[in-house]
Protein chains: 2
Amino acid sequence: MANRLTDLEGAALAEIAKRGAATSYAVAQAFAGSPSEFWSGSAGAVYPMIKRMAARGLLNSETALTGKRPSQTYCLTEQGVTALHGWLLDCERAAGLGFDPLRTRLVHLHLVPVAQREQFLAGVRSQFAQRTAKDAFESQPLSRKVHQTWLRARAQWLGMLDQLIE
Amino acid sequence: MANRLTDLEGAALAEIAKRGAATSYAVAQAFAGSPSEFWSGSAGAVYPMIKRMAARGLLNSETALTGKRPSQTYCLTEQGVTALHGWLLDCERAAGLGFDPLRTRLVHLHLVPVAQREQFLAGVRSQFAQRTAKDAFESQPLSRKVHQTWLRARAQWLGMLDQLIE
DNA sequence: ACAATCATGTAAGCAGTTACATGATTTT
DNA sequence: AAAATCATGTAACTGCTTACATGATTGT
């Protein structure tokens with residue numbers, strides 16, 4: 001098997017596939033506009049990554065010269081489609097725990113007194129409610145449903161936590 | 001405010017605080033034994049990170065020379081305790097989404113036909129069930145409860161996903 | 001005694017970050 | 001025409017990874 005895709009690479013391929021063809025800028029924008037703040041979608045990450053994947057034969061680049069400054073538009077090669085499917089349908093990785101900033105903290109919360117634990121949990125809930133309210137107005141066509149069920153499941157979990165902090 | 005801790009640094013401080021004092025090796029072991037696979041707990045990450053925090057004045061190091069090879073044991077300074085609490089009780093960061101390999105994939109799952117989506121979801125559920133069974137036998141004294149409620153919430157979410165993939 | 005494992009690191013590489021540079025377009 | 005924003009990158013830095021080196025201890 002060829003070199004496995006990183007999650008950022010996989011997500012980038014998916015963004016390009018969704019659009020049929022895209023520039024690095026468009027991909028970066030997609031990440032920057034995502035409700036997840038895990039990837040910043042910085043140019044310094046995206047442009048070199050796309051280039052890398054083109055060099056690996058996963059993307060075809062077409063130079064668009066519409067009178068102005070040259071620009072690269074990319075679309076998936078057959079290899080690229082295979083790689084994308086390999087990443088997208090990888091059950092083992094998908095079943096992993098990933099990184100959860102709340103879980104990471106909760107397992108150590110016994111280090112502070114109960115009053116502070118309660119205050120912390122209240123703060124998290126408040127922040128989370130704010131986020132949920134804001135995200136309700138996000139556009140994000142189909143991925144929105146995914147995001148919203150995720151938020152709902154998260155809210156349920158937040159409701160289960162009182163028993164843990166005492 | 002001084003330099004904010006990374007999540008790995010915060011978690012490391014918490015591990016040391018829990019033990020009162022610890023070597024880099026012990027911290028690395030704690031990460032390696034965690035049910036989350038997000039951090040490998042490699043020596044190459046942990047040893048330099050602990051050193052960095054000692055240089056920043058968050059940790060006191062004591063050289064233990066029990067006849068054999070010298071070894072550093074660390075414990076938190078007052079500054080270290082402050083930094084740990086700042087990290088641990090940071091509601092804003094705790095309320096973030098983090099990185100979820102399943103969510104990341106789900107938002108792009110419409111790129112493949114329904115049959116494959118169903119197969120994928122079944123695979124994820126199977127993998128997840130395996131993990132849950134395995135984790136049930138993990139020791140992890142108090143953090144276990146956190147982990148288990150997390151797994152349960154996750155399982156509930158997995159149950160909500162059928163509606164999304166059709 | 002030898003092998004396996006425990007323990008303490010270092011070195012090189014890689015994938016992200018922020019910050020910068022610069023060209024083109026749009027707004028005022 | 002000037003300022004703001006859109007767009008295409010590059011450069012330096014950081015924090016993690018894998019892989020290695022090596023010393024000490026334990027098991028057979």
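The chains referred to below are lettered A, B, ... by the order of the sequence lines, with proteins before strands, and numbering in each begins at 1.
Take Arg131(A) and apply the salt bridge (Lys or Arg N to Asp or Glu O under 4.0 Å) test, not counting sequence neighbours, and it matches Glu37(A), Asp135(A). Under the rule for a ring-ring contact (aromatic ring centres under 6.0 Å, His included), the partners of Phe99(B) that lie at least two apart in sequence or sit in another chain are Phe38(A), Trp39(A). With sequence neighbours excluded, no residue satisfies salt bridge (Lys or Arg N to Asp or Glu O under 4.0 Å) with Arg103(A). When the salt bridge (Lys or Arg N to Asp or Glu O under 4.0 Å) test is applied to Asp90(B), the partners found at least two apart in sequence or on another chain are Arg4(B).
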Inset, instruction - Any chance you could list the contact pattern along nucleotides 7-18 of chain C? Use B for base contacts, S for sugar-phosphate-only contacts and - for none, protein heavy atoms under 4.0 Å, 5' to 3'. - result: BBBBB---SSBB

Side-chain atoms of residues 23-33 of chain A: list all donor-acceptor pairs with protein atoms under 3.5 Å, sequence neighbours left out, distances to 0.1 Å.
residue: Thr23(A); atom: OG1; partner: Tyr25(A); partner atom: N; Å: 3.4
residue: Thr23(A); atom: OG1; partner: Ala26(A); partner atom: N; Å: 3.1

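Counting to the nearest Å, the P atom of dG15(D) and the CZ atom of Phe31(B) are 14 Å from each other. The distance between atom CG of Asn3(A) and atom P of dT17(D), rounded to the nearest whole Å, is 18 Å. With rounding to whole Å, Arg4(B) atom CZ is found 16 Å from dT14(D) atom C1'.
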